[in-house]
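For ligands, and for the atoms within them, numbers begin at 1 and follow the listed sequence.
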Amino acid sequence: MKNVRSDDHRTHQPQVELHDGLLVPSFETAERWDHIVAALEASEHDPPETPDAVEPELLAAVHTPPYLAFLSEAFQQWEAAGHSTPMIPASFAPRPTDSPEPADIAGRLGYFAFAAETSITDGTWPAVRASAAVARTGQKLVSAGEPSVFALCRPPGHHAGPDRFGGYCFVNNAAVAAQGFLDDGADQVAVLDVDVHHGNGTQEIFYDRDDVMVASIHADPQHCFPWFWGHPHEQGRGVGDGYTINRPLLPGTRFAEWFSTLQDLGRTILKAGTDALVVSLGVDTYAGDPLGPFELHTPDFAAFGRFIGGLGLPTLYCMEGGYAIEAIGTNTVAVLDGHEDAAQ
Ligand code: SP5
Ligand code: ZN
């Protein structure tokens, strides 16, 4: 399977995150990307494709212009205010809000954030743009006839909503790809989100729409981040009613139950007349993951990939989470190899 990746992710170097009341070393690191690349290279995957820049208009189709302006200039405004520390939001706007966007950078930071574990640093914005470009380039390859492509996005994207960052995500790469499929001729797209955390950002971006189905299987938000989204009653709104599907499962869930739920989502996606599939591929469902309470093992990832390959849909995988650093590459490549086995 072709893969798309960019070294430009490396400028995003979050040092610390707020975790259980302490600033600890970031879980989301450049090293995650290195381990995935090492596993790709060890298993004879195609040499990488490098991305073309992502069109600003496409970013603006899934995010608001004020939010994109904030991301692009945040760290410079922070420095101009005399800071050199990472930007960590500490105050949050109610939603909905009638408040205008604050002028002060600390206020802007909270206005466009929903969680405090994610920091913005000097090189965040170029890395975020490169990550979206990786997704867009992968999507264009699939739209041009490549049966399946892996977009090695970093930072991840599925928690990023129209105008909020959090959960290590800034621009929603999967949403960029889904919108890109539509722009390039698809009528009906599905995003299948298998990261252990609910993809609240993707859900919010497409909540009112019937051209992108968003289906997510994740740890029950009663027990797991992002806490406030991902319940079964969240089903979409207006013409989008029925096009958001949430299947939360309890902490401790093992492969058998996870997979039967997933098969159900796969059938629903096929029935919707899907032309192209975006898989938000988090491997933080792994039993050894420090941030996910599910109990999947490496062979389970291969079985998952075989199932997706068997759906026979043009498929783009976008990398999301996965924090068991020693296993992230093996598990990710197990999915891709499983897919190729089934698709042949
Ligand atoms: C893309 C992605 O996987 N983002 C995940 C972001 C998770 N951030 C917050 C995690 C909070 C975990 N708290 C667990 C407490 C265990 N003692
Ligand atoms: Zn996750």
Side-chain angles (χ1 to χ4, degrees), residues 9 12 14 16-33 35-36 86 88-89 92 113-120 124 127-128 131-132 134-135 151-161 164-176 191-205 216-230 246-253 258 278-296 301 304 317-325 327-328 331-332 335:
H9 77 93
H12 179 54
V16 290
E17 70 174 79
L18 188 56
H19 180 77
D20 292 344
L22 294 171
L23 282 177
V24 304
S26 292
F27 288 92
E28 201 294 293
T29 60
E31 205 189 342
R32 298 174 56 249
W33 189 96
H35 277 80
I36 298 167
I88 301 177
F92 299 89
F114 74 90
E117 89 286 78
T118 306
S119 56
I120 296 175
T124 296
V128 165
S131 192
V134 164
L152 208 186
C153 298
R154 177 181 179 269
H158 74 147
H159 293 302
R164 277 191 280 195
F165 74 91
Y168 315 143
C169 303
F170 303 90
V171 160
N172 195 311
N173 309 307
V176 166
V191 180
L192 174 62
D193 190 322
V194 300
D195 187 283
V196 79
H197 306 104
H198 176 250
N200 58 292
T202 318
Q203 168 170 306
E204 188 180 350
I205 288 167
S216 182
I217 174 171
H218 50 267
D220 190 326
Q222 286 279 317
H223 303 285
C224 195
F225 185 90
W227 309 115
F228 319 116
W229 299 272
N246 285 309
R247 298 296 300 266
L249 297 168
L250 289 174
T253 291
W258 186 88
V278 178
V279 177
S280 264
L281 178 60
V283 295
D284 43 13
T285 45
Y286 180 58
D289 197 281
L291 297 182
F294 285 0
E295 300 285 332
L296 269 58
F301 289 97
F304 163 69
Y317 289 92
C318 288
M319 195 67 210
E320 302 283 1
Y323 309 98
I325 200 88
I328 186 174
N331 289 339
T332 300
V335 173

* Asked: Where is the nearest protein heavy atom to atom 6 (C) of ligand 1: which residue, which atom, and how far?
  -> Tyr168 CE1, 3.6 Å
* To do: Identify, by atom number and element, the atoms of ligand 1 in contact range of Glu117, meaning under 4.0 Å from any of its heavy atoms.
  => 8 (N), 9 (C)
* With backbone taken as N, CA, C and O and side chain as the heavy atoms from C-beta onward, which portion of Asp284 lies under 4.0 Å from ligand 1: side chain, backbone, both, or neither? -> side chain
* To do: Pull out every atom of ligand 1 sitting under 4.0 Å from any heavy atom of Gly321, numbered as shown with elements.
  => 3 (O)
* Do me a favour and list the nearest non-hydrogen protein atom to atom 11 (C) of ligand 1 with residue, atom name and distance? => Phe225 CB, 4.4 Å
* To do: Examine Tyr323 against ligand 1 and note whether any of their N/O atoms are separated by less than 3.5 Å.
  => yes
* **Distance-minimising heavy-atom pair for Asn172 and Gly201** => ND2-C, 3.5 Å
* To the nearest 0.5 Å, what is the distance between OG (Ser216) and NE2 (His158)? -> 8.0 Å
* Asked: Between Asn173 and Met319, is any pair of side-chain heavy atoms under 4.5 Å apart?
  -> no
* Going by heavy atoms in the side chains, are Glu320 and His159 under 4.5 Å from each other? -> no
* **Contact atoms of ligand 1, heavy-atom distance to Pro156 under 4.0 Å** => 1 (C)
* Closest protein heavy atom to atom 14 (C) of ligand 1, given as residue, atom name and distance to 0.1 Å -> His19 CE1, 4.1 Å
* Asked: What does the angle at the Zn ion (ligand 2) come to, between atom OD2 of Asp195 and atom OD2 of Asp284, rounded to 10°?
  -> 80°
* Pair Asn246-His198, side-chain donor/acceptor within less than 3.5 Å -> yes
* Asked: Should Thr332 and His35 count as side-chain neighbours, where that means a heavy-atom distance under 4.5 Å?
  -> no
* Going by heavy atoms in the side chains, are Val191 and Ser280 under 4.5 Å from each other? -> yes
* Residue-ligand contact His158/ligand 1, heavy atom below 4.0 Å -> yes
* To do: Provide the number and element of each atom of ligand 1 under 4.0 Å from a heavy atom of Asp20.
  => 15 (C), 16 (C), 17 (N)
* Check all N, O or S atoms of His197 and name the one closest to the Zn ion (ligand 2). => ND1
* Using the six-membered ring wherever Trp is involved, compare the ring planes of Phe301 and Tyr286 and label them parallel, tilted or perpendicular (cut-offs 30° and 60°). => tilted
* Asked: Name the one of Phe27, Tyr323, Phe225 that satisfies ring-ring contact (aromatic ring centres under 6.0 Å, His included) with Tyr168?
  -> Tyr323
* Nitrogen or oxygen atoms of Gly167 and ligand 1 under 3.5 Å apart -> yes
* Does an N or O anywhere in His197 fall below 3.5 Å from an N or O of ligand 1? -> yes
* Side chain or backbone of Phe27 under 4.0 Å from ligand 1, or both, or neither, by non-hydrogen atoms? -> neither
* To do: May I ask you to check if ligand 1 and Glu17 share an N or O to N or O distance below 3.5 Å?
  => no
* Asked: Nearest heavy-atom pair of Thr253 and Leu249: which atoms, and what distance?
  -> OG1-CB, 3.5 Å
